[in-house]
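Order of the sequence lines sets the chain letters (A, B, ...), proteins ahead of strands, with each chain counted from 1.
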Amino acid sequence: MSEITKESTEEKSRNFIEQIIEEDLRTGKHGGRVLTRFPPEPNGYLHIGHAKSICLNFGVAQRYGGATNLRFDDTNPVTEDTEYVDSIKNDVQWLGFQWVNEFYASDYFDHLYEFAIKLINKGLAYVDESTSEQMATMKGTPTEPGTNSPYRDRSVEENLDLFVRMKNGEFAEGTHILRAKIDMVSSNMIMRDPIIYRIKFAHHHRTGDKWCIYPMYDFAHGQSDSIEEITHSICTLEFIPHRELYDWCIENLEIFPSKQYEFARLNLTYTVMSKRKLLQLVQEGYVTGWDDPRMPTISGLRRRGFTPESIREFCDRIGVARRDNLIDVSLLEFCIREHLNKVAARRMVVVGPLKVVITNFPEGKVELCHSENNPEDPEGGMREVPFSREIYVEQDDFMEVPSKKYFRLAPGQMVRLKSAYIIRCDEVVKDEEGKVTSLLCSYIENSKSGNDTSGINVKGTLHWVSAAQALPVEIRQHDRLFKVEDVAAAEGDFKDHINPDSLQVITGYAEPVLKEADVGEKFQFMRKGYFCLDADSTPEKLVFNRTVGLKDTWGKVAAK
RNA sequence: UGGCGGAUGGUGUAAUGGUAACACAGAAGUUUUUGGUACUUUUAUUCAGGGUUCGAGUCCUUGUCCGCCAACCA
């Protein structure tokens, strides 16, 4: 019985791509086949915007019993490199997706060359010897029509001869170009005799020096889709004007009719998403690399402590539509907190230490307390935490003159030490300058966590670490990279808006079990946030990245 | 002064001519050995004008605003 109810209550509305696919399935358009592709250019690292595309392309294929190709759009040898190919493959798999085929546009260079010959033979392409300046002039503007090139009416034979000689390396870069012969007065600028092949004496990361002519995006993408018999070629909105050319090529080449569909790319508050800008941040040293935890790259998010599950959930929640958007980064933060709350082990780490001496606790005695690893996970188990006469608590957890509703330590005030005893602050120790250096407290003997017979009720519970066993750790707290919400729309250069305080490095004290943490392992430092162990860690000094803080309602109350 | 997309709370996304909903963010509260979590409550929405219709966020029309397009980039 529950089967039907469950199905109908959990039914989610479909995005417009899914609606198109369902319609195609209903009409039997491709015999029920769904094949998508994820087509990055290997010239940079993947970012969260690509994650949206990956989740969409792989997601719809999975949902409708189809498959997805990974295809590297490597038609421009000067910007591309195998370093990027490797990182892209790694990131897609890390996100949890597996492609059926790994292809490269460069796999099709022979094929694409034949397509060009075919177009020439049909009188639909010609070799132009104009300079780029001349071509720009003849192109016209959005409001003025273009004019035909003087080379436009060459014979098929002459074009064939010239194109073969281009391929054979007889001409210098920039002297000859192959253009499609379409319409110089089209209202769509893309259709004004677009360049489809250019000369580049460049070493290609896969084809080496075999070619000195390379197809343009518009002459490679649709044809690659067609060769692979992609049924739904999903790309971002800025390619809308290219669709007319995409269809023109397929029609005139008389090849498999793949169709292009466009959705709005992801924009996130307080960051940038363009590869050009991200590259600048890396090259000019604003961040430490593509995997800097402040970067919106997949590798950066991974190092920061994000999980694939949280990123997939995020992509699911933001939806897919055709209007420009700027997603609030707090949604991403919500997704990672939601996941980590369920899976991250709790640990106690004091970030801004204040020494507390428990005056009635015997010197030299170490008592083991037991604390649950994760209250959200009944099978998470317990760990031992040493308690002794000298401990550290957070500086923020003491106020000499407490404000109302402050439930932490203050002269005469009592708090619970998490998983240990209730203590009372008896005396404040200060240096000559009046700065608080330590607290003298007493503990309530029969208040131990688990067997508290004291009958005392306290409102505050603090995390703490035993001074003698504490591990010094480095904590890297990352904040938003930019100071403004909408970086792309902000006045001036985007770098003017960089947040100078986006990284704060602090030394803290951790409870001893953290010595066994693995690189990448995620924890909740109680009352502080979620953290993961960074690869920069050494046995002498553990380094943790703060993924995201805990939701802090006290901070808001205190600020009032 | 061209063409093409688009416009629903603060931010996103639904509603496919028939009660404008869901999530995040915000506010208030309950529980709590994390001022976390969970739970409850709550604030706030159809760009504007005209038209079609019993009925319009949805269709038509006019306007406004936003985005994209003039790389030998993708």
Looking only at atom [atom1], what distance separates [N] and [M], rounded to whole Å?
N     : M     : atom1 : value
B/C65 : B/A74 : P     : 35 Å
B/A70 : B/G10 : C1'   : 37 Å
B/A28 : B/C66 : C1'   : 37 Å
B/A20 : B/C60 : C1'   : 22 Å
B/U34 : B/U42 : C1'   : 26 Å
B/C39 : B/U31 : C1'   : 8 Å
B/G55 : B/U19 : P     : 15 Å
B/A7  : B/G12 : C1'   : 14 Å

Could you list the residues that satisfy side-chain hydrogen bond (donor to acceptor under 3.5 Å, both in side chains) with [X], not counting sequence neighbours?
X      : result
A/Y104 : A/E102
A/N69  : A/E228
A/Y530 : A/Q524

A/T553 side chain near B/G36 phosphate (N/O to OP1/OP2, under 4.0 Å) =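 Indeed, a polar side-chain atom of A/T553 lies that close.
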
Do the rings of A/F494 and A/F482 sit parallel, tilted or perpendicular, given the 30° and 60° boundaries?
->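 Tilted: the ring planes of A/F494 and A/F482 meet at 30° to 60°.
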
For the residue pair A/Y45 and A/W290, categorise the inter-ring angle as parallel (less than 30°), tilted (30 to 60°) or perpendicular (more than 60°).
->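 If you compare the ring of A/Y45 with that of A/W290, the planes turn out parallel.
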
Using side chain to side chain contact (heavy atoms under 4.5 Å, CB included) as the criterion, point out the one residue from A/D247, A/I190, A/N188 that pairs with A/H242.
->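 Single pass found, and it is A/I190.
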
How is [X] classified with respect to the nucleic acid when contacts are heavy atoms under 4.0 Å: base, sugar-phosphate, or nothing?
X      : value
A/I422 : nothing
A/V78  : nothing
A/F263 : nothing
A/R192 : nothing

In B/S/- notation (B base, S sugar-phosphate only, - none; protein heavy atoms under 4.0 Å), nucleotides 63-74 of chain B written 5' to 3' is ----SSSB-BSB

Under 4.0 Å protein heavy-atom contacts per nucleotide of nucleotides 18-26 of chain B, with B for base, S for backbone only and - for none = -----SSSS

Starting at [atom1] of [X] and ending at [atom2] of [N], how long is that distance when rounded to a whole Å?
X      : N     : atom1 : atom2 : value
A/W464 : B/U34 : CH2   : C1'   : 14 Å
A/L417 : B/U34 : CG    : P     : 13 Å
A/E338 : B/G36 : CD    : P     : 17 Å
A/R527 : B/U32 : CZ    : C1'   : 14 Å
A/L332 : B/U11 : CG    : P     : 18 Å
A/R14  : B/U13 : CZ    : P     : 19 Å
A/R322 : B/A7  : CZ    : P     : 10 Å
A/Y270 : B/U11 : OH    : P     : 13 Å

Donor-acceptor pair under 3.5 Å: do we get one between A/S449's side chain and the base of B/U33?
->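 Present.
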
N/O donor-acceptor pair, side chain A/E376 with base B/G36, under 3.5 angstrom |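 Checked by distance alone, the answer is yes.
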
Between [X] and [Y], do the side chains contain an N or O donor and an N or O acceptor separated by less than 3.5 Å?
X      : Y      : value
A/D452 : A/S447 : no
A/S371 : A/S419 : yes
A/D225 : A/S233 : yes
A/E144 : A/T141 : yes

Go ahead and write out RNA chain B as dot-bracket, 5' to 3': ( ) for pairs within the strand, [ ] for ones crossing earlier pairs, | when the partner sits on another strand, dots for unpaired; Watson-Crick or G-U wobble, both distances under 3.5 Å.
-> .((((((..((((....[..)))).(((((.......)))))....(((((..]....))))))))))).....

Which protein N or O atoms sit under 3.5 Å from an N or O of nucleotides 41-47 of chain B?
none

All ring-ring contact (aromatic ring centres under 6.0 Å, His included) counterparts of A/Y406, not counting sequence neighbours =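 Partners of A/Y406 by the ring-ring contact (aromatic ring centres under 6.0 Å, His included) criterion, ordered by chain and then number, come out as A/W554.
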
Ignoring hydrogens and angles, write down the donor-acceptor pairs under 3.5 Å from the side chains of residues 270-278 of chain A, residues two or more places apart or on other chains.
{"residue": "A/S274", "atom": "OG", "partner": "A/K277", "partner atom": "N", "Å": "3.1"}
{"residue": "A/K275", "atom": "NZ", "partner": "A/E41", "partner atom": "O", "Å": "3.2"}
{"residue": "A/K275", "atom": "NZ", "partner": "A/N43", "partner atom": "OD1", "Å": "2.6"}

For residues 337-346 of chain A, pull every pair meeting salt bridge (Lys or Arg N to Asp or Glu O under 4.0 Å), keeping only residues two or more places apart or in separate chains.
->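 As it turns out, the salt bridge (Lys or Arg N to Asp or Glu O under 4.0 Å) pairs with a partner in residues 337-346 of chain A, which skip direct neighbours, are A/R317-A/E338.
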
Could you note down all residue pairs passing salt bridge (Lys or Arg N to Asp or Glu O under 4.0 Å) where residues 189-201 of chain A supplies at least one of them, sequence neighbours left out?
->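 Counting only pairs at least two positions apart or across chains, the salt bridge (Lys or Arg N to Asp or Glu O under 4.0 Å) contacts touching residues 189-201 of chain A are A/R152-A/D193.
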
Any Lys/Arg nitrogen of A/K259 or A/D24 sitting under 4.0 Å from an Asp/Glu carboxylate oxygen of the other?
->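 No, A/K259 and A/D24 are not salt-bridged.
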
Partner residues of A/E262 under the salt bridge (Lys or Arg N to Asp or Glu O under 4.0 Å) criterion, sequence neighbours left out =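 A/E262 satisfies salt bridge (Lys or Arg N to Asp or Glu O under 4.0 Å) with A/R243, A/R322 only.
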
Can you figure out which of B/U8, B/G12, B/U33 approaches the side chain of A/R323 most closely?
->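 The nucleotide sitting nearest to the side chain is B/U8.
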
Nearest nucleotide by nearest heavy atom, which residue falls closer to the 5' end of RNA chain B, A/G450 or A/A321?
->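 It is A/A321 whose nearest nucleotide is closer to the 5' end.
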
